[in-house]
Each structure stands twice: as structure tokens, then as C-alpha cells.
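Working notes for the structure below.
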Amino acid sequence: MANNSTACTSTRPLPEWPLDSVHSPEHDRVDELQALRQENARLKRINAALIERVESGRSYQSEAYASFKHSVVLAEQVRERTDALSDAMHELKTSNALLTQASHQAQVAHQHLVDAIDSISDGFVLFDAERKIVLFNRHFESFWQQSTLQISKQMSMQTLNRVIADSGMIAEKLRTSTEQVVYRLSNGRWLQVTERPTLDGGLVVVHTDITDLKLRETRRRERELAQKTRLLQQTVDNLSQGVALVSARGVLELCNYRFLQLANIAGGYRSGMPFAEVMRESLLPGLGQPDTQLRGMTREHHLDDGHVLEVRLHVLADGSSVHTLSDITERYRHAEALRESEHWIRMITDHVPAMIAYVRHDFTYSFVNKVYEQWYNWPHNSALGCSLREAHRDEHFRRLQPYISRALQGETLTFEVAETSVGGKNCHMQRSYVPNRLADGSVDGIFVMVKDITERHRNAEALHQAYQHLEERVRERTRELTELNAQLVGEVEERRLAEARLREAKHQADEANLSKTKFLAAVSHDLLQPLNAARLFTSALVEHKNCGADAQSMLKNVSNSLDDVENLLGTLVDISKLDAGVITADIGVFAVEDLLSNLAVEYREMARSAGLQLDFVSSSVLVKSDIHLLARVLRNFLSNAIRYTGQGGRILLGCRRTASALWIEIWDTGAGIPEDKLDEIFLEFKRGDSQRQDRGLGLGLAIVDKITRILQHRLRVQSRPGHGSVFAIEVPLGHRHELGMRAEAEYQGHVLERLQGARIWVLDNDAAICQAMQNLLEGWGCEVVTALSEAHLAEQTAGLSLPVDVLIVDYHLDDVVDGVGAIARINAQLAGPVPALMITANYSNELKQEMRQLGHTLMHKPVKPMRLKTTLNHLLG
């Protein structure tokens, strides 16, 4: 066994291998064999010890048998172990044979590896863990032999690097990664060194000559650069801008066709010329001067042909510069148009009666209109760029800041706040914030519009209070009705009868009220008929020259009293007619001069008798209104001006024209009206402190207010206590094509001597009126014939054969006869139609329209002598 063990363990040493050791199954077999040898030696020692114990011991037969038995078992175990050891020795021999074969194969593979390393075109070198050369190929050796460097095994890496550095072959070192380094050699070649560590701590280094690769890459880059240069030139040539590249020495390196075109440079240009010389004959000679950079980086040039060029200068890091020319003519014109549009927008917003502003996202104003500046008493444009915190009080800013923040987040807001103006007036303002969203959805700022809604707020509060009172009254009434209902549960029939009686009573009350209104509106003829007669009689007596001074004084007092009664009754009748809706507007186009000149003539005498001077400025404008209702309004204004102006004062009647209307104004130098009373003067039964002892109900301006509402004309009143007042009414302008038939003028011409010898026929079914009219007209020198009917008139005029100049006919003659038909029948029997004056208390539009179509003049009762005189003068003319 010992000999076998010795034979198995005596193997020849393995050859040295420069690469890493090869691990194979044979090593495991050797270890197992060594373990079996040790186990066999231990068993031998045990066997010897047992034999010695059996031989030396004294025991009984049973013990000998047991020992024998044990020795037999032990011998069997030794035999088994010996067999196992023999098998292991056999396997070990087989393994040795395989190991020898593997060693041979490894030597062959090593030689193949060495041949393969020598066959590659790159230089290969292997360093051990101590960085000493273990193996290198012939390419590595031949590459460094050019530098007289002798490569040998066991040369350290440090020595190799130092020798290479001292040789001067490496001109530049470029590290591309942690494992690769590229060297540019002094002879123009390129070397790539790749280092890889081995498992045992060594290092594999591969040297690759990449000179050809570098040359191909350089040529490829040059081709790509040339292609990019061509593409860049084509791109520059196709730009809409003119581009020129100037070197730091002032030499023109590159420019495109657009630059030559915009600068109007002749064809003598070539690259390499001084830029100043190229630009000398161009439209922009100053562009090539050395001090160009001192005149700004961007500027505009306006050419003689109207074009505008934008010149930009970009200075590069190397001192060269790029000049660009852009034709911004269209943009400039568009900017001019935008500036013009901004001017008009500014003009419009400044005249809008609302506060308009624009607040940017940083809480600064970028636009405010004139009304906004006036409200806060800011100087013009002083708020632009100013923040809201600086422009407003802290309290005002804190109150508005939450709303502005919400609007800047994209929310549209409308809210109301209470503000105090610069003058200290408390107002209620409605503010609207509208966000200005950009294309990306962000909010750049907000539009602000502020309106003064103080009046509306007051009306709303008044309505709210009225609603509260109404609710309270409803609750009280509901409570009362509830209590009453509880009391009247058993009296349903009686309540039904009571309700029937109440309905009947209400119906009777409504009928009575309507009857009263209709009575006041319809009774005017019968009511004013005797008053009209008395007025005519007193006027005739006043003008009668045979009366004494006392009689004249009494007659004047009676006339004044009749005037007061006439004014009172006329005013009451007018109020009732306006309330009953009897009077409606008859709109037509007429020359305002016809109306105003007659009013001036009529009231000039009245003003002169009151010690006043009335001036009149005429106008030839056509207006569109109801001439009679408009005359009534102006008469009230003129009457009030005479009444409330002291002696020596002046009154002016004139017009002021606007784009679409005409303001008819009456100025006076009277006592004036306090500002707090301006809203009260148009109320019923409100009178001012008159300078004259006129009596009235204070209904004149109330009638004016009602008439202007019917006409839909605006009124304006201005007054200063102690200086006078201005009453004005706005009348729409008329057009020539709307004129049609010439509008009737109530008074025209001056009071001439045409009444002397005028032949006038008067037809009225009231004898008192006929007598009064005869006395008045004969006092003016007229030849008058009066009659109570058509037959009576024919009887007194010899069958209507006498000459006549004017007919004065009452509209209400008999129950079935009216003045319109009477005038038609009388004119039919005359040689030719004569002018007719219709006197009536009927204010209906139908009658006005009928008189206008027939060409008759209409005069309403009560008849005033001055108006009658001027109207007859007009008809006789």
C-alpha cells in the first residue's frame, strides 16, 4: 500500500504557464486520494492495536470468540477499505493520464493563443499584478523598435512609460474614456491604447494604429463642413433679410443677394473687399463706418422712396460682426396704422361716460381713460406704470385686491362698491373686471370698467324700502283678513253682498273720476265760451278811446282779472286734457324761424310793457315736432322769464345747433333758481318768488313737463341765483324731403297796418262772442260782419255777394253743423276761396291734421287779442 501511494504521488512538475492557472477535475481526484491514504493509515493503526490486545489478553472462551468475531468483522472492514483504496488508485491513474492529456492540450492551446496574438494587427502586451511584462506580440515590439526602444519580458510598466515619454514620440494625449486613451504622435500618426485588467490583478494593453481612421474621419468632416457651408450659403441667400458677415479687420467675408438688393449695391462687389468700400456707393453709406457700433445696435433708416429698413448689428466673440437688413415697410405702416387706431380708441374711450382702465398682472396701470383720471383728479398719464397700491389709498387698495386677484386667475367679476370722489361726494360704483387671456391661456392683465350707479342704487334702495313697507302692509292686511275671516265664517252670504256693493261703489267712483276728467276735458268749449266773450269785450273797451281814466283803470283791472281767470281755467283744462290723454303729438317738419319770429313779436311787446328787453336770434333750420305743443312750451318759458325778471333785465330767445338736434334756449337775467329747487319747479302747484304780482296755480312748468314727455323732447335747466336762468328744449332736426306741405306757423310777420279796412266775416252761434269780436275788430279798423248761422250771414251779405278778406268761424256752431263744413259751403259760393281762421277748444290731432290739409288756420280758445291780431295780419298778407 505504501509503495502504491508513493507511486501515485510521484508526478512530474507542470510546466510554467504565463497565463492564469487552469482548474480541472484532476485536482479533486488527487485530494480524494490523499484523504484515502490518511484513512488507510489510521485503520492500519487500529488493526495493529486490536491484534495486540487480543494476543496479550487473558479471557474466557466466550471473550475469545467475541474477539475473534470482532477481528473477523474488522478484517472484513479492512478488506473493504483495501478494495476501495485499490479502486481509488485505479481512478487516480486514469486521472493522471487524463491530466497529462489535458496538459498537452493546454500547451497546444497556449501556442495557438500566442500565434493568434501575434497574428492580430494591433500591438498586444500583458502585465502581471506587479505591472511587469509577461507576454507581448511582434507588432507591439516592432512598433516601439522605431524609437530604438527594446521591449523585453519582466520590463516594468513604469520603465516603459518613462522611456516612451523621453523618446518624444507622443505629441498630444486625449483621454476618451477610463479604459481608452488616444495619442497623437510627433510623426503625425494616431495611436489608441486600450487597457483591461485581468482576474489575477494583471493588465492587458492593446495598441491600435488609428491613423487611417482619423484621416477618413477628417475627410468626412471636411465633406460635411463643405456641405453645411453650401447649405448655409443657400439658406442665407434665400432669407428675406439681408445678411453680411464682416471680419474683425473690417473685410466683407460673406453677404447674400438680399443684402445687395436692399442696400442697392452694384455688381462690382466681391468677397474680401473692405466693408466700408462696398457700402460707400450704397443707400446706407454710414453702415460701413468704423463708429457704427457707437451709434447703437438697432436702428431704422427711412429711404427716399418711402421704404423703411431696420439695421441690426451683432458683434461676435472674435471681433467679427454680422449686419442684417430687414425691409420693415409694411410693419412700419402697420405700426403707424395701429398708432392711429390707438389714437382713435383713446379719443373714443376718453369720451365714454365710464371709467376704463387696464391693470397688468403685477398690479400696475398700463391704460386709463380721461374719465378715470378726472374721477381721481390725476394729472394726464401720471398713473401709467404706477401700481394700484401707490395710486390709491391703502383702504381702497385692500378692498379691491381680492377681486383683482380673482380676476387675474381668470374669473370675470362684476360687483358694486361705495366710493368717495375727490370732491367728497359719496357714490356707489359698479366695477367690472374682465381677464385678458393670452394664446397659451395665461392671464396678462384685466380690463376695468367702472360706472357710477349712485342714482340706480338709490332707486333700488327706495324700491327695497317700498317693498319692505308693502310686505309689512301685506302682513298687516293678511293678519287683519285672517282675523276678519275668523269672525266672518258664518257670514259668507253677507260678505258676498258686501263685496257686490263694494264693486258697485268702486265702479261708480271710477265712473265719477273718469266723468270728471272727461268733463274738464270736454267742458272747455262751454266753459271758455263766456270767458272768451268777456275777454273780447274788455279788450275792445280797453282800446276804446272815449273812456275816462278811471274807467280805463277799472277796465285794465278787469282785463287783468280775466287774464288770471283765463290762465287758471286754461291751465286746469290743459292739465285735465293731458291726464285724460286727449292731447297727442302731431309730428311734422317745419321751419323753426316761422315759430320763433312770431313768438318774438308776440312777447316783445309784453316784455317792453314789463320794462324788459327781449332779444331774438333767428335760425333757418328745419325741425321735426308738433308746432302747437312746442309753441306752448316756449310760451311758458317766455312767460316765466318775463314774470321772474325784474325791470331793466334782458331776455334772449335763440337756438344752438348740434349734429342731430336743435336746442331752443330762453335766457334771462332774473332772480335765478337755487340748485336744490331745480327738480321741484316741474312739479304741480310749485311756484317761485315772482317779481310781479301775477297769480297762478304753479302748473305752467308741470304742463311743460307733460308736453315734453308726449313730444319725447329733452329739457335742460341751468340757473344761478342772482344771475338768471336758462330754459332749453331739444328738438330733432327735420329734412327737406320730409317737409311736404308747408307747415303751419301760428304767428308770422309783424303787426302791420293791414287790418285797416279789412273785410272780415265772423260766424259764431254765441251772440256775445259775435258782439265782442265785432267791437274788438272794429277797434282795429276792420269792417266786420257777424252772424249766428250761415243763413244769417247770407242775409247780411246779400247772399254772400259782398267782398270779404278773412273768415272767422267757430268750430262748434250747432249740434249737426261744424265750422269745417260751413267754411267749405261759404267758399263754394264765393268767386274765390278766402283765408279762414277756425276758433275752437278742441285740441285733437285729427282736427289739427284736417285744418292743415284744408289750408285753414287753427286758433284755440280763449282767444288772446295779440295772437288774433298777428294771425289776421298773417292771413291778410
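Of all non-hydrogen atoms in Ala244 and Leu252, the two that sit nearest each other are CB-CD1, 3.9 Å. Between Lys214 and Trp190, the closest heavy-atom pair is CG-CG, 3.5 Å. Taking every heavy atom of both residues into account, Asp200 and Ala129 meet most closely at O-CB, 3.7 Å. Between Ile328 and Leu309, the shortest heavy-atom contact is CG1-C, 4.3 Å. Taking both residues in full, the closest heavy atoms of Tyr183 and Val193 are given as CE1-CG2, 3.5 Å, listed atom of the first, atom of the second, then distance.
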Thr324 vs Val311, side-chain contact (heavy atoms from CB on, under 4.5 Å): CA-CA, chis, key distance, verdict: CA-CA 6 Å; Thr324 60; Val311 180; over 6 Å; no
Let's go through Gln192 and Gln180 carefully: what are the C-alpha distance in whole Å and the side-chain angles of both, what is the deciding distance for side-chain contact (heavy atoms from CB on, under 4.5 Å) to 0.1 Å, and is it a yes or a no? CA-CA 7 Å; Gln192 176 179 294; Gln180 289 185 349; 3.6 Å; yes
What do the steps show when you test Val448 against Phe367 for side-chain contact (heavy atoms from CB on, under 4.5 Å), and what is the final call? CA-CA 10 Å; Val448 179; Phe367 175 82; over 6 Å; no
Can you check side-chain contact (heavy atoms from CB on, under 4.5 Å) on Gln401 and Phe363, steps first, answer last? CA-CA 9 Å; Gln401 185 178 8; Phe363 285 73; 4.1 Å; yes
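Counting only heavy atoms from C-beta outward, the side chains of Arg131 and Ser156 never approach each other to under 4.5 Å. Looking only at side-chain heavy atoms (C-beta outward), Leu316 and Ser321 stay at 4.5 Å or farther from each other. No side-chain heavy atom of Leu191 sits less than 4.5 Å from a side-chain heavy atom of Thr208. Between Phe124 and Val204 the shortest side-chain heavy-atom distance falls below 4.5 Å. A 4.5 Å side-chain heavy-atom check between Glu195 and Leu203 finds at least one atom pair inside the cut-off. Counting only heavy atoms from C-beta outward, the side chains of Ile404 and Leu388 approach each other to under 4.5 Å. For the pair Thr218/Glu222, a side-chain contact is recorded, criterion being any heavy-atom separation below 4.5 Å from C-beta on. Contact annotation: the side chain of Leu313 approaches that of Val315 to within less than 4.5 Å [non-hydrogen atoms, C-beta and beyond].
Taking Arg42 as the reference, Glu39 meet the salt bridge (charged side-chain N to carboxylate O under 4.0 Å, His left out) condition, with sequence neighbours excluded. Under the side chain to side chain contact (heavy atoms under 4.5 Å, CB included) criterion, Arg221 pairs with Glu217, not counting sequence neighbours. Looking at residues two or more places apart in sequence or on another chain, you find a salt bridge (charged side-chain N to carboxylate O under 4.0 Å, His left out) between Glu76 and Arg79. In this structure Arg216 satisfies the salt bridge (charged side-chain N to carboxylate O under 4.0 Å, His left out) test with no other residue, sequence neighbours excluded. Remark: Glu80 pairs with no residue by the salt bridge (charged side-chain N to carboxylate O under 4.0 Å, His left out) rule, at least two apart or across chains.
Between the CG atom of Leu408 and the CG atom of Asn436 there is a distance of 10.5 Å, given to the nearest 0.5 Å. To the nearest 0.5 Å, atom CD of residue Gln101 and atom CG of residue Asn96 are 13.0 Å apart. Note: Arg220 CZ to Leu215 CG = 13.0 Å, rounded to the nearest 0.5 Å. Between the CG atom in Leu99 and the OG1 atom in Thr94 there is a gap of 12.5 Å [rounded to 0.5 Å]. Of the inter-residue distances, the one linking Ser387 atom OG with His392 atom NE2 reads 9.5 Å to the nearest 0.5 angstrom. Atom-to-atom distance recorded for Arg45:CZ and Asn40:CG is 10.0 Å, nearest 0.5 angstrom.
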Enumerate, atom names and distances included, each donor-acceptor pair closer than 3.5 Å involving a side-chain atom of residues 439-447, sequence neighbours excluded.
{"unit_1": "Asp440", "atom_1": "OD1", "unit_2": "Ser442", "atom_2": "N", "d": "3.2"}
{"unit_1": "Asp440", "atom_1": "OD1", "unit_2": "Ser442", "atom_2": "OG", "d": "2.8"}
{"unit_1": "Asp440", "atom_1": "OD2", "unit_2": "Ser442", "atom_2": "OG", "d": "3.4"}
{"unit_1": "Asp444", "atom_1": "OD1", "unit_2": "Arg360", "atom_2": "NH2", "d": "3.4"}
{"unit_1": "Asp444", "atom_1": "OD2", "unit_2": "Tyr358", "atom_2": "OH", "d": "3.0"}
{"unit_1": "Asp444", "atom_1": "OD2", "unit_2": "Arg360", "atom_2": "NH1", "d": "3.4"}

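Ion pairing between a basic and an acidic side chain is recognised when a charged N comes within 4.0 Å of a carboxylate O; Arg312 and Glu310 show such pairing.
Remark: side-chain polar atoms of Arg406 are not paired, donor with acceptor, to backbone N or O of Leu413 under 3.5 angstrom. In this structure, Asn137 contributes its side chain and Asp122 its backbone to a donor-acceptor pair below 3.5 Å.
Around CZ of Arg249, the count of heavy atoms belonging to other residues, nucleotides or ligands within 6.0 Å does not exceed 12.
Remark: of the listed residues Val125, Val205, Leu126, Val125 is the sole one forming a side-chain contact (heavy atoms from CB on, under 4.5 Å) with Phe136.
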